[in-house]
Asker: 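One structure coming up, written as structure tokens, with questions to follow.
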2 protein chains.
Amino acid sequence: MESQPSTGGSGVRTRSQHQRRKRIVQAAAALASRGGVEAMQMRTVAERAGVALGTLYRYFPSKMDLVVAVVGEEIDLLENSIERRPPGAGTPAGRAVDVLMRATRGLMREPELADALIRSLIMAEVETPFGDRMTGLLLRVSAGGLTRDEASEEQLALAGSLSSVWVHELLEMLRGRRTYDQIQRRIEIAAARLVSDL
Amino acid sequence: MESQPSTGGSGVRTRSQHQRRKRIVQAAAALASRGGVEAMQMRTVAERAGVALGTLYRYFPSKMDLVVAVVGEEIDLLENSIERRPPGAGTPAGRAVDVLMRATRGLMREPELADALIRSLIMAEVETPFGDRMTGLLLRVSAGGLTRDEASEEQLALAGSLSSVWVHELLEMLRGRRTYDQIQRRIEIAAARLVSDL
DNA sequence: ACAGATATTAGAATCTGTTCTAGTTTTGCG
DNA sequence: CGCAAAACTAGAACAGATTCTAATATCTGT
């Protein structure tokens, strides 16, 4: 879990804390989009963000927490994109594929970042909202605006399965074991089975 | 890939090298089955195996290579178990669930080790046959002895999808976010869609 | 403005994976 | 046998994540 610096008494983040946090995440993202997680060294991040190492660790108790925050921003982007331009396909499966492939293309833009981030996330002890958010998105687009709370156990399981298949295929692609087209094909096959009738 | 210490000229491993290697893997497994990968420190492994740190690194160029070797032994066990007592269920999906849940129980016996195993399975920089081996196993039991070479692209995709769903669920369980029963239920749901008609 | 709490800082220190060094031992082979 | 290649060893050295320390700065409530 990410932890927040506690601000005397109330749980509210002050403006300066918020900005500090933001600067840190931006510095981290910038570094990671070059050389991946390796280039994103805690000392360097702290330096670039104009913050002491100890402070960085106050905001992000481990490097993984920082990675998670960076990934979070990426997912925000995807969610916004989906909202701005919802998938137009006529079937639930079609819309799911649409969302997943759009996410794939988004991540492909920064392969170093994507690879590093996804690996780190899978490795993470840390609880990440990553899978859940993707699952929620899939439910929303393929089962007519359904939210995670309203969904049945089976619907959750199916959308979740599709999401984990996607993550796995993405990793395979980043490792050079799949082409974009192969992923698309495999996602289509899985989606047809898993989310046609949500 | 794991690299082997090259033995003067020929690529053959001598008996003493084989044993040394085995001692290393055993020491590593023993340590990992207690405190997980963290307890499996390279210095400690070397010490327990009665080998210098440099030698350990000659056999296993990185900690990950060592983990992969340990994991390999575990998968052998599963394959042997399946061979000895093939899944008896009447449907393809039933047999697939059978295999996966048996693997799940096997891994649960050494959760720390399992955690390391699954992560390396997913992460492996290194080309590991693990995902493919599991996919192959699923094809074999759910599509009447089909091998990876004979399977159609779709069959491969479906068995592979089930395999990645399983891996994902297993990880969730190891992180304490799923119970055994929840996994079983989710695997059943996914298997029904993915491998009913292989 | 003051007091106490919290945040921040620079930097040293610690921990563990990995690499390097220099010297010793084992192995394969003519 | 006798030598060159390869393996092995103990231990130092290095790297990057994480933790610790002591001092300073900032904030909050009164």
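Here is how names work: the chains are called A, B, and so on, in the same order as the sequence lines, proteins then strands, and each is numbered from 1.
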Asker: I'd like to check B/Arg21 versus B/Ile24 (side-chain heavy atoms, cut-off strictly below 4.5 Å). Are they in contact?
Answerer: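 Counting from C-beta outward, B/Arg21 and B/Ile24 never come under 4.5 Å.
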Asker: Measure the distance from CD1 on B/Ile24 to P on D/dT9 and round it to the nearest whole Å.
Answerer: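 Those two atoms, CD1 and P, are 9 Å apart.
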Asker: Whole angstrom is fine here: how far is it from CE in B/Met64 over to C1' in C/dT18?
Answerer: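 After rounding, the reported distance stands at 15 Å.
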Asker: I would like to know whether B/Thr135 and B/Asp132 meet side-chain hydrogen bond (donor to acceptor under 3.5 Å, both in side chains); could you show each step before the answer?
Answerer: CA-CA 5 Å; B/Thr135 302; B/Asp132 292 343; 5.1 Å; no
Asker: Starting at atom CZ of A/Arg58, determine the distance to atom C1' of D/dT18, rounded to an integer number of angstrom.
Answerer: 15 Å
Asker: Please state how far atom CZ in A/Phe60 lies from atom C1' in D/dT19, giving the value in whole angstrom units.
Answerer: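 Distance check: A/Phe60 CZ to D/dT19 C1' gives 18 Å.
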Asker: Using a 4.0 Å cut-off on protein heavy atoms (strictly under), produce a 5'-to-3' string for nucleotides 12-17 of chain C with B for base contact, S for backbone-only sugar-phosphate contact, and - for none.
Answerer: ----BB
Asker: Please state how far atom CZ in B/Arg20 lies from atom P in D/dA6, giving the value in whole angstrom units.
Answerer: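 Result: 17 Å.
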Asker: Within this structure, what is the OH-to-C1' distance between B/Tyr59 and D/dA6, rounded to whole angstrom?
Answerer: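 To the nearest whole Å, that distance equals 11 Å.
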Asker: How far apart are the closest heavy atoms of A/Ala32 and A/Met40, and which atoms are they?
Answerer: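 So the minimum-distance heavy-atom pair works out to CB-SD, 3.7 Å.
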Asker: Taking side-chain hydrogen bond (donor to acceptor under 3.5 Å, both in side chains) as the cut-off, I'd like each qualifying pair that reaches into residues 93-110 of chain B, sequence neighbours left out, listed once.
Answerer: B/Ser81-B/Arg102, B/Thr104-B/Trp166, B/Arg105-B/Tyr180
Asker: Which donor-acceptor pairs under 3.5 Å do the side chains of residues 187-198 of chain A make with protein atoms, sequence neighbours left out?
Answerer:
{"unit_1": "A/Glu188", "atom_1": "OE2", "unit_2": "A/Gln184", "atom_2": "NE2", "d": "3.4"}
{"unit_1": "A/Arg193", "atom_1": "NH1", "unit_2": "B/Arg193", "atom_2": "O", "d": "3.3"}
{"unit_1": "A/Arg193", "atom_1": "NH1", "unit_2": "B/Asp197", "atom_2": "OD1", "d": "3.1"}
{"unit_1": "A/Ser196", "atom_1": "OG", "unit_2": "A/Ala192", "atom_2": "O", "d": "2.5"}
{"unit_1": "A/Asp197", "atom_1": "OD1", "unit_2": "B/Arg193", "atom_2": "NH1", "d": "3.0"}

Asker: Could you give the CG-to-P distance, from B/Leu56 to D/dT9, as a whole number of Å?
Answerer: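 These atoms are roughly 10 Å apart.
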Asker: Quick one: does A/Glu169's side chain get under 4.5 Å of A/Gln182's, heavy atoms only?
Answerer: no
